[in-house]
Asker: 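Please see the structure below; I have some questions.
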Amino acid sequence: MTEIKTLDLLNLIEGALGHFRAQGLGHRPEKADVQKAAFWFVQAELLRLPAFGIQMLLRDLERLDALGSASPSSVSNGAPAALSIDAAGIPGHVALALTVRLAGQAVKSQGAAILGIRQVGALGVLGCAARALAAEGAVAIISANSSAFVAPLGGSAAAIGTNPLAVAAPRVNAAPLVLDYSTSPMTLAALRQARQNGGTLPASGAVDAGGQRTSDPAQAAALLPEGRISSLTGLAIEIMTGVGVGGRTPAGTPAPERSALVIAYSPAAMGNQDVGPLCEQLAKDWGGAGGHVPGRFDGLPLEREQLPSTMRIQSGTLAALRARL
């Protein structure tokens, strides 16, 4: 591990991302979008999710290298609150930061926004993006699909992706309440780590290429869902994103890009002036009834100025990032 000043780390990430900023069409990514994307990568590291931090950035840059002269990002306009963003040619985090910025603007001007992102790369921890919108007073819902690697309940082959979902809302006297989870029992990043480090699969297990149950990560061809609700939730996200936004490919077909959906709305526009107290009371009621109140995002800085002065990053990962400049 190598200790690095957080400001230097942010500058490295922004330098690696900034090359793609000028490639956009229509609503081009701005410097603020690159800075927000870099902030989210650092937040992933603070959450101790390195596979969603700098390692994910490096993988996404490799994806863009392979695309070569792909079409740059563009935005097709209907009403200002209904946009479709083609994110080919820019890093996934930058595309998501651009989308969050446009969503925030639409919420302030019109009360709500629905934005689809197509041909987007790795999006990282969706909860960071949803939290950013909630910090501005909105309720945010963000979902994404990916290549098929999860079987239906009772199935024997992959049909949908790991399909994460994040929901965030503001609350009084506390950071926004954030739910962020994969609808599959394991993320692809976690599976990749299990294969590299000899880890184990979740209790629900997986099936191999022949449709037989396996507990070996190296043989896993499709993860098995934990139950009916998680299976149907993954299917619902596939409908909203892969089908609704576009980009779904038949099972077994490589899909290096994915699609995502960002929904944000102002509770005040719905006539609700008490979203903060209501959300806080909900958290208390949930915890009081014996439920687990998600809190892993609570301690994360909401502003760059609140970040720790230094961070520790895997030496090889940091060297690879520096080599991108």
Side-chain angles (χ1 to χ4, degrees), residues 24 26-30 32-37 39-41 43-44 52 60 73-88 90-146 161-170 176-183 233-234 236-248 257-267 269-270 275 297:
H27 286 279
R28 292 191 301 177
E30 297 180 354
D33 301 325
V34 172
Q35 292 175 333
K36 180 67 72 175
F39 184 58
W40 291 339
F41 279 117
Q43 285 185 320
F52 291 86
D60 204 28
S73 67
S74 63
V75 182
S76 59
N77 295 60
L83 303 173
S84 173
I85 297 176
D86 184 346
I90 62 172
H93 281 61
V94 175
L96 183 57
L98 164 63
T99 306
V100 165
R101 173 169 59 84
L102 295 175
Q105 292 172 353
V107 168
K108 290 177 181 177
S109 65
Q110 299 188 174
I114 301 177
L115 303 99
I117 318 175
R118 301 181 59 165
Q119 299 191 80
V120 68
L123 293 166
V125 183
L126 297 184
C128 293
R131 187 176 187 248
L133 286 165
E136 297 179 354
V139 172
I141 305 164
I142 303 178
S143 63
N145 79 320
S146 59
T162 54
N163 295 8
L165 174 68
V167 180
L177 180 62
V178 181
L179 285 67
D180 182 342
Y181 61 98
S182 170
T183 56
T233 303
I237 290 176
E238 191 70 30
I239 294 170
M240 292 189 300
T241 54
V243 173
V245 177
R248 173 173 170 77
E257 289 82 30
R258 64 200 69 198
S259 57
L261 182 66
V262 176
I263 301 172
Y265 62 91
S266 166
M270 309 292 176
V275 61
F297 289 87

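In this text the structure is predicted, and so the values were computed from the model without any measurement.
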Asker: I'd like to know whether I117 forms a side-chain contact (heavy atoms from CB on, under 4.5 Å) with V245, so could you lay out the CA-CA distance, the side-chain angles of the two residues, the decisive distance to 0.1 Å, and finally the verdict.
Answerer: CA-CA 7 Å; I117 318 175; V245 177; 5.9 Å; no
Asker: Taking F297's backbone N and O only, do any of them form a donor-acceptor pair with R131's side chain (distance below 3.5 Å, no angle check)?
Answerer: yes
Asker: If you measure from CD1 on I237 to CD1 on I142, what distance do you get to the nearest 0.5 Å?
Answerer: 12.0 Å
Asker: Determine, stepwise, if the pair L133 / V262 fulfils side-chain contact (heavy atoms from CB on, under 4.5 Å).
Answerer: CA-CA 10 Å; L133 286 165; V262 176; 4.2 Å; yes
Asker: Would you name the heavy atoms of E136 and G104 that are closest together and state the gap between them?
Answerer: OE1-CA, 4.1 Å
Asker: Tell me which pairs pass ring pair (Phe, Tyr, Trp, His ring centres under 6.0 Å) where either residue lies in residues 107-134, with sequence neighbours left out.
Answerer: none
Asker: What's the spacing between I90 CD1 and I85 CD1 if we round to 0.5 Å?
Answerer: 8.0 Å
Asker: Of all residues at least two apart in sequence or in a different chain, which pass the side chain to side chain donor-acceptor pair (under 3.5 Å) check with E238?
Answerer: N145, N163, R248
Asker: Could you pull out the closest heavy-atom pair between S143 and L165, with the gap in Å?
Answerer: CB-CD1, 4.0 Å
Asker: Check whether more than 12 heavy atoms from other residues, nucleotides or ligands sit under 6.0 Å from atom OH of Y265, and answer yes or no.
Answerer: no
Asker: Return the set of residues passing side chain to side chain donor-acceptor pair (under 3.5 Å) with D180 (not counting sequence neighbours), or none when no residue passes.
Answerer: none
Asker: Provide the closest heavy-atom pair for S84 versus R118 in the form atom of the first, atom of the second, distance.
Answerer: OG-CD, 4.0 Å
Asker: Answer yes or no: is there a side-chain heavy-atom contact under 4.5 Å between L98 and V94?
Answerer: no
Asker: E30 and R101: side-chain contact (heavy atoms from CB on, under 4.5 Å), yes or no, with the steps?
Answerer: CA-CA 10 Å; E30 297 180 354; R101 173 169 59 84; 3.6 Å; yes
Asker: Which pair of heavy atoms, one from P91 and one from D60, lies closest together, and at what distance?
Answerer: CA-OD2, 3.3 Å
Asker: Name all pairs fulfilling the ring pair (Phe, Tyr, Trp, His ring centres under 6.0 Å) condition that reach into residues 90-119, sequence neighbours left out, sorted by first residue then second.
Answerer: F41-H93
Asker: Can you tell me how far OH of Y181 sits from OG1 of T162, rounded to the nearest 0.5 angstrom?
Answerer: 13.0 Å
Asker: Taking only residues two or more places apart in sequence or in another chain, which ones pass ring-ring contact (aromatic ring centres under 6.0 Å, His included) with F52?
Answerer: none
Asker: Can you give me the closest heavy-atom contact between A135 and P176, atom names plus distance?
Answerer: N-CG, 3.9 Å
Asker: Side-chain donor-acceptor pairs under 3.5 Å in residues 121-130, sequence neighbours left out?
Answerer:
none

Asker: Could you report the tightest heavy-atom contact between G137 and P267, atom names first, then the distance?
Answerer: O-CD, 3.4 Å
Asker: Report yes if some heavy atom in the side chain of V120 is under 4.5 Å from a heavy atom in the side chain of L96; otherwise report no.
Answerer: no
Asker: I'd like to know if the side chain of T241 reaches the main chain of S259, judged simply by a donor and an acceptor atom lying under 3.5 Å from each other, with no hydrogens or angles considered.
Answerer: no
